[in-house]
2 protein chains.
Amino acid sequence: MKIGELAKAAHVEVETIRYYERIGLLPAPARSHNGYRAYAGMHLERLAFIRHCRALDIALADVARLLRFVDDPSAECGEVDALIDTQLARVRARLDSLRTLEDQLVALRSQCGAPDRAAQCGILHELEAPTLGDACVCHGERPQ
Amino acid sequence: MKIGELAKAAHVEVETIRYYERIGLLPAPARSHNGYRAYAGMHLERLAFIRHCRALDIALADVARLLRFVDDPSAECGEVDALIDTQLARVRARLDSLRTLEDQLVALRSQCGAPDRAAQCGILHELEAPTLGDACVCHGERPQ
DNA sequence: GTTGACCCTGTAGCGGCTACAGGGTGTGTC
DNA sequence: GACACACCCTGTAGCCGCTACAGGGTCAAC
Ligand SMILES: [Zn+2]
Ligand SMILES: [Zn+2]
Ligand SMILES: [Zn+2]
Ligand SMILES: [Zn+2]
């Protein structure tokens, strides 16, 4: 399998595959006589694994850790579970933060009803006014 | 005002201030006899503006566009409003995607009840198994 | 024999910082 | 005056996860 074929099969860009090899996430394949990379089924499996992980927004460093368990099936999987828990916590924290952000943007958006001169725009005023710890639409109940 | 004082007043890192100057977001201040940057109140205001925008996760390029309206109060503010709308749409799209991600991670997490050998771990199985378009916990009803 | 699709390596860029290295300056204490 | 220490300066490189070249080689079809 040439790199373009693997890319198509795995729904991944060619350059991404080379990148994964470079950072040591995907094992370097054999080479054909012309120097082209020649992939086997194992590479497709591994790439699919990586793709599933990435779809779950798991960092590549963590994907590498998960792959170590794939390579060593006799190990205990406690770390795997912990990793998913951590990932879930990260996603939930980001969700909280984004929900607050949404509210803040809605509040900000309501400041300018009808477009007019910038001097009168409530949005710009809201962003301009509070220099110090004054109340503002963006710094308040926002987590962190 | 020296850079460290400005940093403290605006709750921003010193290096971030220099970075903003380098990319042309914050005007270069006057210099004291010793070459130190000497900031005026205007810089604190501008930095506060940037900070409010960043708290709303507005990209620096968009912050620059907003600052142009601050500098030209006679302009029409329609673009400002559109920018906030776009930002809001972006946040909502990310929210949707993250909510799905949360569900997927929860589903994945439930695959391994009790930590055991990696060979039996349902999480690893779920990530390993589907190579092609098979159903998997991470690729399905997920947006994009 | 020439077009075009593919492959190779290596390097640089994105955003938004962050972290040095290697130096200069200003203030306080002994 | 000598030293420590905090702060300032410039410039460069690193983070993440790709993405996009530049400048070349290879292969099959027409
Ligand atoms: Zn407006
Ligand atoms: Zn604010
Ligand atoms: Zn498990
Ligand atoms: Zn999947």
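Each chain gets a letter, A, B and so on, in the order the sequences are listed, and its residues count up from 1.
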Inset, instruction - May I ask you to verify if any side-chain N or O of A:Asn34 is less than 4.0 angstrom from the OP1 or OP2 atom of D:dC27? - result: yes
Inset, instruction - Please state whether the phosphate of C:dG15, meaning OP1 or OP2, lies under 4.0 angstrom from any side-chain nitrogen or oxygen of B:Tyr19. - result: no
Inset, instruction - May I ask you to evaluate whether A:Arg31 reaches the phosphate of D:dT26, defined as a side-chain N or O under 4.0 Å from OP1 or OP2? - result: no
Legend entry - Most 5' of B:Lys2 and B:Leu60 on DNA chain C, judged by nearest nucleotide: B:Leu60
Legend entry - Residue-phosphate contact under 4.0 Å: B:His33 side-chain N/O, D:dC9 OP1/OP2: no
Inset, instruction - Rounded to the nearest angstrom, tell me the gap between atom CD1 in B:Ile17 and atom C1' in D:dC8. - result: 13 Å
Legend entry - SB check B:Arg90 B:Asp62 (cutoff 4.0 Å): yes
Inset, instruction - Give a yes/no on whether any side-chain N or O of A:Arg37 is located under 4.0 angstrom from OP1 or OP2 of C:dC7. - result: no
Legend entry - Short N-O contact, A:Arg68 and A:Asp71, less than 4.0 angstrom: no
Legend entry - Atom pair distance, as rounded to whole Å: CD in B:Gln87 and P in C:dG15: 15 Å
Inset, instruction - To the nearest Å, give me how far apart CD (A:Glu5) and C1' (C:dC7) are. - result: 11 Å
Legend entry - 5′-ward residue of the pair B:Gly35/A:Ala61 relative to DNA chain D: B:Gly35
Legend entry - Protein-nucleotide distance (A:Glu15, atom CD; C:dC14, atom C1'), rounded to Å: 15 Å
Inset, instruction - Looking at every strand, decide which applies to A:Ile23 at a 4.0 Å heavy-atom threshold: base, sugar-phosphate, or nothing. - result: nothing
Inset, instruction - Using atom CD of A:Glu13 as one end and atom P of C:dC14 as the other, report the distance to the nearest whole Å. - result: 20 Å
Inset, instruction - Taking only the side-chain nitrogens and oxygens of A:Thr16, find out if one of them lies under 4.0 Å from OP1 or OP2 of D:dG17. - result: no
Inset, instruction - Would you classify B:Arg18 as touching base, sugar-phosphate or nothing, given that sugar-phosphate means primed atoms plus P, OP1 and OP2, and contacts are heavy atoms under 4.0 Å? - result: base
Legend entry - Separation of D:dC18 P from A:Leu47 CG (nearest whole Å): 11 Å
Inset, instruction - Would you tell me if any nitrogen or oxygen in the side chain of B:Arg22 comes within less than 4.0 Å of OP1 or OP2 on C:dC17? - result: no
Legend entry - Spacing between A:Leu26 atom CG and D:dC18 atom C1', to the nearest angstrom: 15 Å
Legend entry - Length of the line joining A:Glu21:CD and D:dC18:P, which is rounded to integer Å: 16 Å
Legend entry - Contact summary for A:Val137 and A:Glu126, nearest pair of heavy atoms: N-OE2, 3.3 Å
Inset, instruction - Answer yes or no: is there an ion pair linking A:Glu15 with A:Arg18, defined by an N-O contact shorter than 4.0 Å? - result: yes
Legend entry - Gap separating the CD1 atom of A:Ile84 from the CD atom of B:Gln104, nearest 0.5 angstrom: 11.5 Å
Inset, instruction - Considering just the side-chain nitrogens and oxygens of B:Tyr36, establish if one lies under 4.0 Å of OP1 or OP2 belonging to C:dG26. - result: no
